[in-house]
Amino acid sequence: MTKTKVWNYLMEAIKNDIAVHITLIDPDPIKQTAQEAGTIAKYAAEAGTDAFMVGGSTAFGILDETILEIKKHVDLPVILFPGNVAGISKYADAVFFMSVLNSRNPYYIIRAQLTGAQAVKMFGLEPIGMAYLILEPGGTAGYMGEAQLLPRNKPQIAAAYALAAQYIGFKLVYLEGGSGVEREVPLDMISTVSSIIDIPLIVGGGIESPEQAIAVVRAGAKMLVQGTFIEKTVLEDNGAKLAKLIKAMKREAKAKS
Ligand code: 1GP
């Protein structure tokens with residue numbers, strides 16, 4: 001695999017479908033076994049998801065097994081989403097090499113990255129530099145990343161961070177409200193940020209309905225991440241609700257373009 005394969009795949013998907021859907025799987029044995037993760041991945045792929053992110057803030061115990069099970073069932077990119085250096089696996093295709101730019105703790109801005117960089121190189125993982133910005137309420141990611149949470153009513157602060165991220169050279173900006181939170185990222189924040197940057201904007205946290213997904217894409221997100229909704233629904237309905245949501249989101253993205 002060349003070093004830009006996953007990046008090119010994502011950019012191609014944005015070009016063709018206008019918006020990309022990413023399924024987040026937390027390698028947390030309390031949430032699901034590795035085998036269940038494989039089944040979730042199978043249904044998510046059938047429902048039309050474009051790629052998988054594997055990672056979380058707290059649990060890494062079954063990371064390798066989870067990725068191997070996902071790969072048994074699907075032929076889509078598996079991208080690491082590491083909460084810290086323990087979130088690196090040689091079985092993934094790529095890693096969102098991310099920095100919590102609004103952390104108060106330099107560990108999450110650059111020190112975890114310097115500790116993990118050599119493993120990424122040794123394992124031959126494709127690094128995709130991503131600025132990770134966490135806003136209120138922040139969930140576990142906000143707590144673990146010691147983020148100075150971006151205020152929901154100040155889109156201009158998020159936009160200033162995102163523009164700085166672009167100028168530093170990050171390939172992507174991820175606006176994260178926190179996994180399982182009640183409300184998605186405010187739409188005016190998404191539109192303010194996406195209108196100021198030229199690099200793709202990823203949005204995640206609290207997206208649970210086709211209406212929310214449509215609104216997030218309409219506001220300017222190029223990639224949408226879902227975890228909790230997929231954990232809650234896919235094993236029950238074999239991905240039916242997810243398929244509906246992805247279809248609605250992609251239809252909206254095409255209509256917008
Ligand atoms: C977490 O934003 C993602 O990093 C996904 O959030 O679990 O709320 O979909 P949800």
Side-chain angles (χ1 to χ4, degrees), residues 19-28 30-32 36-37 40-41 43-44 47-60 63 66 78-84 87 92 95-103 108 128 130-147 149-150 152 158 162 172-187 189-190 193 200-217 219 221-236 239 241-242 244-246 248-249:
V20 167
H21 182 276
I22 302 182
T23 294
L24 171 64
I25 296 185
D26 194 347
D28 180 350
I30 294 171
K31 290 187 175 177
Q32 79 273 307
E36 282 165 341
I40 290 172
Y43 289 131
T49 199
D50 295 291
F52 292 88
M53 268 164 52
V54 179
S57 304
T58 50
F60 307 96
L63 179 62
T66 296
V78 175
I79 308 166
L80 295 169
F81 180 52
N84 67 46
V95 53
F96 280 143
F97 202 83
M98 54 207 238
S99 173
V100 186
L101 286 191
N102 62 323
S103 178
Y108 293 102
I128 300 174
M130 180 167 88
Y132 192 43
L133 300 174
I134 309 176
L135 58 127
E136 297 168 337
T140 311
Y143 177 82
M144 294 303 292
E146 296 179 47
L149 298 173
L150 300 176
R152 291 178 71 85
L172 299 167
V173 170
Y174 187 167
L175 271 184
E176 165 77 88
S179 183
V181 295
E182 274 177 19
R183 288 168 301 156
E184 74 275 24
V185 176
L187 301 176
M189 186 180 279
I190 299 173
V193 170
L201 175 64
I202 309 185
V203 171
I207 302 168
E208 301 247 319
S209 69
E211 293 71 29
Q212 283 174 301
I214 286 171
V216 162
V217 165
K222 288 290 181 200
M223 302 192 205
L224 182 155
V225 179
Q226 282 192 296
T228 307
F229 171 78
I230 292 170
E231 285 164 15
K232 285 199 298 208
T233 64
V234 162
L235 290 179
E236 276 178 15
K241 286 196 194 76
L242 179 62
K244 205 172 134 201
L245 183 146
I246 293 174
M249 169 199 143

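Numbering of ligands and ligand atoms starts at 1, following listing order. Position 1 is the first residue of the sequence, and the numbers go up from there.
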Which ligand 1 atoms, with their elements, are less than 4.0 angstrom from a heavy-atom of Gly180? 7 (O), 8 (O), 10 (P)
Report, one line per pair, each donor and acceptor closer than 3.5 Å where one atom sits in a side chain of residues 130-145; sequence neighbours left out.
| residue | atom | partner | partner atom | Å |
| --- | --- | --- | --- | --- |
| Tyr132 | OH | Glu176 | OE1 | 2.6 |
| Glu136 | OE1 | Arg152 | N | 3.0 |

Over all atoms of both residues, closest heavy-atom pair of Ala37 and Gln32: N-CG, 3.8 Å
In chain order, what residues pass the salt bridge (charged side-chain N to carboxylate O under 4.0 Å, His left out) check against Glu231, with sequence neighbours excluded? Lys31
For Phe81, take its heavy atoms, then give the atoms of ligand 1 lying under 4.0 Å from any of them. 4 (O)
Hey, mind stepping through Leu201 and Leu175 against side-chain contact (heavy atoms from CB on, under 4.5 Å) and telling me if it holds? CA-CA 7 Å; Leu201 175 64; Leu175 271 184; 4.0 Å; yes
Atom OH of Tyr43 and atom CD1 of Ile230: how far apart are they, to the nearest 0.5 Å? 14.5 Å
With backbone taken as N, CA, C and O and side chain as the heavy atoms from C-beta onward, which portion of Thr228 lies under 4.0 Å from ligand 1: side chain, backbone, both, or neither? both
Can an N or O of Gln226 be found at a distance shorter than 3.5 Å from an N or O of ligand 1? no
Please write down residue, atom name and distance for the protein heavy atom closest to atom 1 (C) of ligand 1. Glu176 OE1, 3.2 Å
Give a yes or no answer on whether the side chain of Ser103 reaches the backbone of Glu146 with a donor-acceptor pair at less than 3.5 Å. yes
Compute the minimum heavy-atom distance from Ala141 to ligand 1 and say whether it is under 4.0 Å. no
Please report the interatomic distance CD1(Ile22) to OG1(Thr49), rounded to the nearest 0.5 Å. 7.5 Å
Interatomic distance, CD1@Ile207 vs CG@Leu224, rounded to 0.5 Å, equals 4.0 Å
Check each heavy atom of Phe229 against ligand 1 and say whether those closer than 4.0 Å belong to the side chain, the backbone, both or neither. neither
Give a yes or no on whether the backbone of His21 and the side-chain of Asp50 come within a donor-acceptor separation of less than 3.5 Å. yes
List the closest protein heavy-atom neighbour of atom 3 (C) of ligand 1: residue, atom name, distance to the nearest 0.1 Å. Tyr174 OH, 3.3 Å
Look at atom 9 (O) of ligand 1 and say which protein heavy atom is nearest, naming residue and atom and giving the distance to 0.1 Å. Gly227 N, 2.8 Å
For Gly204, the ligand 1 atoms whose distance to one of its heavy atoms is below 4.0 Å: 2 (O)
Any nitrogen or oxygen of Leu24, main chain or side chain, under 3.5 Å from a nitrogen or oxygen of ligand 1? no
Heavy-atom contacts with Gly206 under 4.0 Å: which atoms of ligand 1 show up? List them by number with element. 8 (O), 10 (P)
Atoms in ligand 1 flagged as close to Gly205, the criterion being non-hydrogen separation under 4.0 Å: 2 (O), 3 (C), 5 (C), 6 (O), 8 (O)
